[in-house]
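Inspection log for the structure reproduced underneath, given as structure tokens.
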Amino acid sequence: MSEYKPELIEPRWQEFWLKNKIFQTDDNDRHRPKYYVLDMFPYPSSSGLHVGHPEGYTATDIIARYKRMNGYNVLHPIGWDAFGLPAEQYAIKTGTHPRKTTIRNIDGFRRQLQSLGFSYDWDREVDTTDPAYYRWTQWIVLKMFEKGLAYEASVPVNWCPALGTVLANEEVIDGKSEVGGYPVERKPMRQWMLKITEYAERLLEDLEGLDWPESIKEMQRNWIGKSEGANALFRLKSDETAQIEVFTTRPDTLFGATYMVLAPEHTLVDRITTKAQKEAVAEYREMAARKSDLDRTDLNKDKTGVFTGAYAVNPVNGEEIPVWIADYVMMSYGTGAIMAVPGHDERDWEFARKYDLPIVEVVKGGNIEEEAYTDIEEGISVNSANDEISLNGLPVAEAKTQISKWLEEKGLGKYAVTYKLRDWLFSRQRYWGEPFPVIHVDGKPKPLPEDQLPVTLPEMDDFLPTKTGEPPLAKAGDWLQTTDPETGKPAVRETNTMPQWAGSCWYYLRYISPDYEQGPVDPEKEKYWMPVDLYVGGAEHAVLHLLYARFWHKVLYDIGVVSTREPFYRLVNQGMILGELEFTAYKDNSGNYVHPEESGKGEDLERIKLTEKEVEKKGDKFVIRGTGTPVDARSFKMSKSRGNVINPDDVVKQYGADSLRLYEMFMGPLEQVKPWSMQGVEGVYRFLKRVWRLFIDEESGEPVAQIMSAAEAEPDRVHLKLLHEAIKKVTEDIEGHRFNTAISALMIFTNEAMKWDSRPVVVLRPFVLLLSPFAPHLAEELWSVLGKIDGKGEATLANEPWPEYDEACLKDDTKIYAVQVNGKVRGQIEVPADKAAVKDFVLEVARNDTGVQRHLSNGKVVKEIFVPNRVINFVVK
RNA sequence: GCGAGAGUGGUGAAAUUGGUAGACACGCUAGAUUUAGGAUCUAGUGCCGAAAGGCUUGGGGGUUCGAGUCCCCCCUCUCGUACCA
């Protein structure tokens with residue numbers, strides 16, 4: 001071998017690592033500190049890896065390799081979140097059993113991941129579709145039944161006829177299914193729910209201690225949506241027995257409540273509606289029921305509603321106020337009813353304007369003729385007094401406390417907290433998911449005893465749901481009919497299955513003891529390994545996966561299965577990788593290039609893709625070269641339809657896994673969104689070739705003559721300075737996840753070392769170790785080359801200690817100062833290091849610099865700034 | 001609308017506490033070696049200018065001897081969210 005040929009090097013080392021189980025984690029070694037570094041659970045899709053996967057995986061692999069070399073016992077596993085809709089839909093289309101597809105896809109993913117040289121412990125693979133795994137998923141759900149955290153409910157769900165299943169709110173985007181984009185409608189169905197709301201407060205509170213991106217924490221906080229306020233009771237004018245309870249965050253505006261609104265689905269509506277209004281109300285309710293959530297929000301500019309004919313009494317001032325129904329009030333939030341304060345709530349203001357309802361000012365500070373005044377900092381209560389209490393003159397916060405106290409004393413209301421978070425709709429009408437460990441006896445659901453687990457999926461060849469929306473499992477006759485193991489009574493199995501989230505809620509625990517038989521995780525090992533020290537994945541899981549997993553973890557904590565309150569101590573989101581930068585010009589019907597925005601008829605324009613050479617930059621935009629016609633210059637999300645998808649396999653084939661890994665890390669900061677560039681891959685590939693030539697003579701294929709063993713040549717100060725600078729920079733940058741600048745430090749070392757006539761092994765060896773987390777195949781290869789030269793070193797560098805830098809080697813003989821005059825750099829001076837901190841000496845040298853002198857002669861020096869080892873500034877007047 | 005984040009060369013980006021802006025890489029220009037090369041090496045490359053010099057981190061103000069970095073106002077983009085009372 002002569003040139004750098006990754007296709008020859010890489011498979012050899014991958015096989016070596018695998019065969020010798022180099023990265024197998026030793027569970028019983030409790031002396032070393034542990035480090036658990038985790039990638040987000042991949043779904044093994046049929047299309048294989050995309051370049052986004054290796055981004056996070058490379059980052060965690062670098063950390064894992066680095067931590068091992070630093071003496072940590074590292075847990076770095078991978079597995080498969082393999083239940084899910086695509087395999088089932090493929091089965092419906094082709095008749096191929098989902099298990100078959102799943103196995104094939106997993107094999108594909110495993111092959112791809114291994115071809116990238118990731119240092120996973122392959123003996124810990126887990127697969128959510130394996131009964132040995134989902135046995136414990138079912139077990140956890142069983143525990144939830146026991147704790148009363150799972151219940152059945154008939155809820156209007158997002159029924160997608162095309163997919164034949166119910167979708168969670170978060171799987172519906174703009175009224176269409178996230179998968180496939182099919183229309184979704186509302187339909188009431190029997191469902192399993194999990195009481196995540198019971199954990200709302202803890203899920204919110206425990207965010208505090210987590211080292212997560214602030215944006216993700218904020219999204220979770222918003223999702224949980226805690227509001228503090230009061231519940232207040234309004235009695236009805238005509239019906240002494242009925243009361244309307246409302247939730248408000250602004251009890252201080254109670255005197256300004258001029259009407260009330262119930263959600264159309266509110267149970268009181270039938271009871272309070274007057275005869276005269278019955279028809280109008282019924283009509284409105286029917287219309288509202290037909291609307292999906294999307295339609296409701298879509299129409300949010302034009303609020304609608306109907307008067308019920310009933311009046312309620314405002315408890316603070318005895319005013320009789322009309323009760324309306326309107327779909328801008330949601331049954332699922334708060335109490336499903338509001339007191340409307342149009343003076344100080346935008347929505348109520350709009351509604352009141354439209355239906356000509358009175359608007360009263362009770363907080364001074366704005367102009368309620370123009371818009372609702374919602375400020376809570378400056379506003380002062382007015383018009384808010386009765387015989388017993390007056391809020392007048394109080395700021396909002398104080399008014400809130402006063403009125404809440406009063407309401408409570410009177411039994412008219414009390415302090416209340418409401419969350420946006422809803423219970424988790426936990427069942428799906430699908431085949432390819434975990435069956436529930438539940439049977440129905442005498443029409444009632446009953447959890448199975450633990451020893452009946454796992455409840456395995458029945459073999460089927462028809463995966464279509466029934467026409468009524470009953471899950472496919474309803475067709476599994478033999479499986480469906482069973483007996484209650486306790487009573488022997490005939491029983492029917494639950495036919496819903498769990499959503500895909502279930503398996504991914506606790507997989508990080510199974511990795512710890514994948515073969516443990518007595519529970520989901522070996523408690524002793526759990527105590528050693530948990531929590532996860534570093535969790536890396538895409539921001540698309542910011543809310544759902546991370547919230548669900550935190551919820552399950554807390555349940556497991558409560559029943560003593562895990563020892564930590566939170567599963568993931570530190571979270572990092574990798575930024576999305578976009579396609580290559582694209583230049584697009586637009587032509588109109590007559591074939592003239594136009595500006596897309598100025599033309600104002602964007603839909604008729606023809607899009608022309610231009611190359612980099614066909615455009616130039618003018619001002620702050622790109623134009624067609626030689627003309628003034630602007631073009632769009634943008635990178636887009638990779639997608640099949642756009643044709644800008646990069647397949648990692650192709651990159652590996654052309655440049656090798658090390659180049660792919662290196663490029664993905666060199667592109668920019670891990671967390672940032674960044675566009676792909678094939679030329680950038682070329683760049684790092686050239687770097688690796690240069691590294692190769694630092695060691696190997698391309699003509700002969702032998703090590704270069706410049707390499708000196710320890711016996712032949714001592715490293716000199718220049719060698720050591722360069723090396724130790726690299727060690728310092730690379731070490732600190734890996735610790736701070738600044739992989740791009742770490743690579744740049746490796747490049748600087750290589751560029752300099754290439755010029756050396758003598759390349760001492762004792763300098764090259766640490767360099768190879770620094771390179772190894774980034775480009776492990778090349779590093780192993782070069783390590784073995786060095787081993788042949790001086791007969792030292794192990795067969796693999798994976799367990800070598802990480803190099804440490806020596807401060808003494810970093811010292812310079814001289815220091816360089818920038819010399820400024822009035823803040824502008826006018827010269828540069830070099831002074832001996834031992835005198836660099838001597839102010840008078842350095843200033844004298846600076847004054848004598850010819851370039852500086854010229855600028856000093858213009859006036860009088862009034863001030864001299866001296867920043868040791870950096871800069872001097874003369875202020876001249 | 002609201003919330004969060006980000007704007008630095010032709011491009012991806014550096015600049016860890018306020019101290020020489022543009023490291024490293026891509027691209028480009030010239031040259032060398034060369035049958036050729038998407039190979040390698042050398043030199044150059046923020047902008048304006050012949051040079052001296054001036055200008056420059058989205059725009060405008062401010063603090064400071066000194067601002068990409070701190071403060072105020074504005075603009076643009078990305079992501080999230082959507083009647084949550």
Side-chain angles (χ1 to χ4, degrees), chain A residues 3 213-219 221-223 225-227 229 246-250 253 261 293 296-301 303 326-330 332-341 345-348 350-351 418-422 539-540 542-543 575-576 581 612-613 615-617 620 622 633-634 663 666-669 671-684 686-687 689-690 693 698 732-733 736 738 740-748 751 754 816-828 862-876:
Chain A
E3 285 165 41
E214 198 43 51
S215 62
I216 302 288
K217 289 206 217 177
E218 196 57 29
M219 282 163 76
R221 281 188 205 111
N222 291 341
W223 193 265
K226 181 178 183 176
S227 295
V246 301
F247 172 73
T248 176
T249 56
R250 294 291 305 276
T253 61
V261 185
D293 275 356
R296 279 205 188 186
T297 54
D298 232 19
L299 297 171
N300 76 36
K301 279 184 196 93
K303 293 189 173 36
D327 65 5
Y328 83 90
V329 172
M330 304 285 154
S332 49
Y333 182 77
T335 60
I338 61 158
M339 62 176 209
V341 186
D345 181 284
E346 281 164 22
R347 296 150 300 179
D348 298 344
E350 241 176 80
F351 192 80
T418 297
Y419 301 91
K420 274 196 247 179
L421 185 69
R422 315 287 159 79
E540 65 273 20
V543 175
M576 204 194 324
L581 181 63
E612 213 182 323
K613 303 230 154 143
V615 300
E616 61 182 335
K617 188 129 184 194
D620 58 355
F622 280 92
R634 270 195 61 184
Y663 174 64
F666 189 59
M667 291 173 89
E671 305 83 355
Q672 199 165 299
V673 176
K674 41 210 175 263
W676 186 266
S677 157
M678 258 328 175
Q679 280 176 332
V681 184
E682 289 266 2
V684 294
R686 288 209 283 260
F687 162 66
K689 282 202 289 191
R690 230 172 318 135
R693 290 198 310 273
E698 285 193 308
E732 289 174 356
D733 283 351
R738 294 180 297 269
N740 53 332
T741 50
I743 292 167
S744 141
L746 294 169
M747 288 172 167
I748 291 169
N751 292 347
M754 280 299 265
I816 290 170
Y817 275 86
V819 186
Q820 301 178 337
V821 178
N822 289 341
K824 292 206 165 127
V825 180
R826 297 301 182 180
Q828 214 178 56
V862 294
K863 202 169 180 183
E864 295 168 336
I865 309 285
F866 177 74
V867 183
N869 298 327
R870 289 194 185 271
V871 76
I872 293 151
N873 191 7
F874 294 110
V875 184
V876 174

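Chain letters run A, B, ... following the sequence lines, proteins first and then strands; every chain starts at 1.
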Across all strands shown, which nucleotide pairs with [N] by Watson-Crick or G-U wobble geometry, both distances under 3.5 Å?
{"N": "B:A32", "answer": "B:U40"}
{"N": "B:U45", "answer": "B:G27"}
{"N": "B:C83", "answer": "none"}
{"N": "B:G22", "answer": "none"}
{"N": "B:U17", "answer": "none"}
{"N": "B:G7", "answer": "B:C75"}
{"N": "B:U64", "answer": "none"}

If you measure from the [atom1] atom in [N] to the same atom in [M], how many Å do you get, rounded?
{"N": "B:A23", "M": "B:G9", "atom1": "C1'", "value": "14 Å"}
{"N": "B:G3", "M": "B:C48", "atom1": "C1'", "value": "43 Å"}
{"N": "B:G58", "M": "B:U64", "atom1": "C1'", "value": "23 Å"}
{"N": "B:A36", "M": "B:C24", "atom1": "P", "value": "32 Å"}
{"N": "B:A67", "M": "B:U33", "atom1": "P", "value": "49 Å"}
{"N": "B:G46", "M": "B:G60", "atom1": "P", "value": "23 Å"}
{"N": "B:A32", "M": "B:G37", "atom1": "P", "value": "14 Å"}
{"N": "B:G62", "M": "B:A25", "atom1": "C1'", "value": "37 Å"}

Residue pair A:Tyr663 / A:Glu682, side-chain heavy-atom distance below 4.5 Å: no
Heavy atoms, side chains only, cut-off 4.5 Å: are A:Phe666 and A:Met747 in contact? yes
Within the structure shown, what part of the strands sits under 4.0 Å from [X] by heavy-atom distance: base, sugar-phosphate, or nothing?
{"X": "A:Arg826", "result": "sugar-phosphate"}
{"X": "A:Gly225", "result": "nothing"}
{"X": "A:Pro669", "result": "sugar-phosphate"}
{"X": "A:Asn822", "result": "nothing"}
{"X": "A:Ser227", "result": "sugar-phosphate"}
{"X": "A:Gln672", "result": "sugar-phosphate"}

If every non-hydrogen atom of A:Met339 is compared with every non-hydrogen atom of A:Arg250, which pair is closest and at what distance? CE-O, 3.7 Å
For A:Tyr817 versus A:Val867, what's the shortest heavy-atom pair and its separation? CE2-O, 3.5 Å
If you assign A:Asn222 and A:Met747 each to the RNA chain B nucleotide with the nearest heavy atom, which residue ends up on the more 5' nucleotide? A:Asn222
Would you kindly compare A:Met339 and A:Ala745 by the position of their nearest RNA chain B nucleotide and give the one closer to the 5′ end? A:Ala745
Are any of [X]'s side-chain N or O atoms less than 4.0 Å away from OP1 or OP2 of [N]?
{"X": "A:Lys863", "N": "B:C65", "answer": "yes"}
{"X": "A:Arg738", "N": "B:A13", "answer": "no"}
{"X": "A:Lys217", "N": "B:A4", "answer": "no"}

Taking syn as a glycosidic torsion within 90° of 0 and anything else as anti, which one is B:G61? anti
Counting N and O atoms only, with roles assigned by atom type, does the side chain of A:Lys303 sit under 3.5 Å from a partner on the main chain of A:Asp348, one being a donor and the other an acceptor? no
Once each nucleotide of nucleotides 41-47 of chain B is scored for protein heavy atoms under 4.0 Å, what B/S/- sequence comes out, 5' to 3'? S------
Once base and sugar-phosphate atoms are separated, protein heavy atoms under 4.0 Å mark nucleotides 17-23 of chain B, 5' to 3', with B, S and - as --BB--B
Short N-O contact, A:Arg221 and A:Glu214, less than 4.0 angstrom: yes
Of the candidate nucleotides B:C83, B:A4, B:U40, which contains the atom at the shortest distance from the side chain of A:Tyr328? B:C83
Report the nucleotide, chosen from B:C65, B:A85, B:U40, that has the shortest atom-to-atom distance to any side-chain atom of A:Val875. B:C65
Who are the ring pair (Phe, Tyr, Trp, His ring centres under 6.0 Å) partners of A:Phe874, not counting sequence neighbours? none
